[in-house]
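This is a predicted model, so every value here is computed, not measured.
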Amino acid sequence: MIDLNDLRTRPEAYEEAAKKKRSHLKIADFLKLDTERREIVKLVEEMRGKKNTTSKQMPSLKGKEKEEALKDMKELSDRMKSEEDRLKEIDEKWAMMQLRIPGIPLAQVPVGKDDSENVEIRKVGTPSSPLGMTSGNIKDHVTLGEELDIIDFPRGAKVAGSRFYFLKGDGVSLELAVLQFTLDHLIKKGFTAFAPPLLANWDAMMGTSYFPGGEEQAYAVGVRKEKTGAVEADDLYLIGTSEVAVASYHGGETLKFADLPMRYCGISNCFRREAGTYGKDTRGLYRVHQFQKVEQVILCEADADMSMKLHKEILGNAEEVLQALKLPYRVVDVCTGDMGLGQVYKNDIETWMPSRNGYGETHSCSSFYDFQARRLGIKYEAADGTKKFVYTLNNTCIASPRILIPILEMYQNEDGSVTIPEVLRPYMGDQKKIVKG
RNA sequence: GGAGAGAUGGCUGAGUGGUCGAUAGCGCCUGACUUGAAAUCAGGUAAACCCGAAAGGGUUUCGUGGGUUCGAAUCCCACUCUCUCCGCCA
């Protein structure tokens, strides 16, 4: 899991990271438990050693000798049981606590409490009114979607509840077009595409560091019985991103150095409960329970420079898609308070959305160093023969329907029609516009 | 969903209560022979963690989790996965 040697060497760095990431975990508490655990481990191992030694002699013993040995062993066995139970108890606590120890943000990451303190690092394109509009009669995507009969919110709510929707007719084609365009873009760049399982187990959710902590954001199928590990039903979770499945793909494996970096992308439906967001972004396609996403996932050697190089690469891939769609956007450095537990560096891309009269988050690019790899157990054999944990990164390449917001709104025309972005037309039978009727 | 078979080291495959981390073969490494290679022969060859400067020592691991036992790869229970047959099905 966490690099314990590193943690023991410089606990203050982790303490600071926890503070910056607004975690309540006290590293000192963990270290105290860690020390306690090591003492018990030592004790238990000594007892086991003694047991093993005697046990090996047992077959050669006879008569009185054997009887005495049996008596001793019985006694030792009883004492061991209670110590082993104590160890098991502490081990569980220790492991859960360890899962909450953060990755240390890079020095350049701005310190801040939440997304309001993210720092803009560049702006591409100029925020503007929709391209085909001269009047101020600008419609938002909800109105456009309704009038063009390509998005249906009321019926989505009827069938599944709030934050669900139907895409319909050209709305479906537009979504598939933008996904296919993006996927092709990545495949051309040498990415291997995955259509992963949409359900994942606890290990995958934990390994990618969504669990523990994010349980209430995931739809669960089946219930895990505490402790026994037995399952009530299926014990699976609907993934919130294909990253969960794709990053876990090589879980427990040792990779060949020559195969690194691995450039993977996943296309999948994504499911999020969005608990705790009541009343936030309730209108439209911005925050919905189910969406589709093309996600980039990178596994690379344990090298900071290589990781940063790839971070920029996958950030660039996403920017290229937005540029091809001719949508204005900006890139921000995400501050410490808005980062996930394991992330060491993170950029968001925010795309201009006229209805919000502002930028809205559409992409999220994260570097994890070995944080996920340690949880997932993904190693590689370095040139010198030693085994190291890989570094992982991921970034959205496109997420729909959220990206349909700027597309519909920026490409709307005076007559209420929507022009289809040129790069998407080949994926829609050269259709140029979405019109009423 | 029903019936059955199985899961052991990089691979194949032995092992049904004790000196078994585990026979054997393949593969791989080292050495000998050879101008070189092949073949042959000899030796070696799992991982994680802990203690140690090192040499070395210890613990754990035979699908996973429980249990029985002084002692479990081996016996019992549950689960997971794979394969075969039947049923159902996009």
Distance, rounded to the nearest Å, where K387(A) contributes NZ and A47(B) contributes C1': 7 Å

Quick check, are the ring centers of F211(A) and Y237(A) under 6.0 angstrom apart? yes

Does any nucleotide pair with A22(B) by Watson-Crick or G-U wobble geometry, both distances under 3.5 Å, and what is it? none

With RNA chain B as reference, determine whether T53(A) or A69(A) sits nearer its 5' end, using the nearest nucleotide of each. T53(A)

K93(A) vs E36(A) side-chain heavy atoms within contact, under 4.5 Å: no

Does U80(B) have a Watson-Crick or wobble partner in any strand here, with both distances under 3.5 angstrom, and which is it? A7(B)

Could you identify which residues of residues 30-43 of chain A place a heavy atom less than 4.0 Å from some atom of RNA chain B, listed by residue number, or say none? R38(A)

For G27(B), which nucleotide in any strand shown is its Watson-Crick or wobble partner with both distances under 3.5 Å? U45(B)

Atom-to-atom span, CD of E92(A) to P of G65(B) - whole angstrom: 12 Å

Determine the Euclidean distance between corresponding C1' atoms of G58(B) and G6(B); express it in Å to zero decimal places. 35 Å

Would you classify D72(A) as touching base, sugar-phosphate or nothing, given that sugar-phosphate means primed atoms plus P, OP1 and OP2, and contacts are heavy atoms under 4.0 Å? nothing

Short heteroatom pairs, N/O only, protein and nucleotides 18-23 of chain B, under 3.5 Å:
none

Listed once per pair and sorted, the ring pair (Phe, Tyr, Trp, His ring centres under 6.0 Å) pairs that draw on residues 381-410 of chain A, sequence neighbours left out: Y369(A)-Y391(A)

Test salt bridge (charged side-chain N to carboxylate O under 4.0 Å, His left out) applied to E83(A) and R86(A), step by step: CA-CA 5 Å; E83(A) 291 301 327; R86(A) 195 155 70 97; 3.1 Å; yes

K293(A) and T241(A): side chain donor to acceptor below 3.5 Å: yes

Separation of the P atoms in G4(B) and G10(B), to the nearest angstrom: 33 Å

Which pairs would a plain distance check flag for residues 145-155 of chain A, meaning a side-chain donor or acceptor within less than 3.5 Å of a matching protein atom at least two apart in sequence or in another chain?
residue	atom	partner	partner atom	Å
E147(A)	OE1	K139(A)	NZ	2.9
D149(A)	OD1	K168(A)	NZ	3.1
D149(A)	OD2	K168(A)	NZ	3.1
D152(A)	OD1	R155(A)	N	3.1
D152(A)	OD2	R155(A)	NH1	2.7

Nucleotide nearest K88(A) (side chain, heavy atoms from C-beta), chosen from C70(B), G66(B), U68(B): G66(B)

Salt bridge or not between R48(A) and E84(A)? Use side-chain N to carboxylate O under 4.0 Å. yes

By nearest atom, which of the nucleotides C70(B), U68(B), U59(B) is closest to the S77(A) side chain? C70(B)

Atom-pair distance (CD on E45(A); P on G52(B)), nearest Å: 13 Å

Whole-angstrom distance between C62(B) and A73(B), as gauged at atom P: 7 Å

By the salt bridge (Lys or Arg N to Asp or Glu O under 4.0 Å) test, which pairs, at least two apart or in different chains, include something from residues 298-314 of chain A? R263(A)-E313(A)

Measure CG/D91(A) against C1'/A48(B) and give the value in whole Å, please. 14 Å

Without placing hydrogens or testing angles, list every side-chain donor-acceptor pair under 3.5 Å for residues 189-197 of chain A, not counting sequence neighbours.
residue	atom	partner	partner atom	Å
K189(A)	NZ	E320(A)	OE1	3.1

Should D6(A) and R10(A) count as an ion pair when the cut-off is N to O under 4.0 Å? yes

Please give the distance between the C1' atoms of U82(B) and G66(B) as a whole number of Å. 23 Å

What is the separation between atom CG on D203(A) and atom P on C79(B), rounded to the nearest whole Å? 19 Å

Nucleotide paired to A32(B) in any strand shown, Watson-Crick or G-U, under 3.5 Å: U40(B)

For the P atoms, the ones on A37(B) and on C28(B), what distance do you get once it is rounded to whole angstrom? 15 Å

Once you apply the 3.5 Å cut-off to both distances, tell me the Watson-Crick or G-U wobble partner of U69(B), or none. none

U60(B) P sits how many Å from M80(A) CE, rounded? 8 Å

Tell me: CG of L236(A) to P of U80(B), nearest whole Å? 11 Å

Toward the 5' end of RNA chain B, by each residue's nearest nucleotide, K50(A) or K379(A): K379(A)

When the C1' atoms of U12(B) and G65(B) are considered, how many whole Å apart are they? 29 Å

State the pairing partner of G1(B); accept Watson-Crick or G-U wobble contacts with both distances under 3.5 Å, and report none otherwise. C86(B)

Gap in Å between the two C1' atoms, one belonging to U8(B) and one to U23(B), rounded: 12 Å

Going by atom types only, do E295(A) and S242(A) share a side-chain donor-acceptor pair under 3.5 Å? no

Rounded to the nearest angstrom, tell me the gap between atom CD in E381(A) and atom P in A48(B). 10 Å

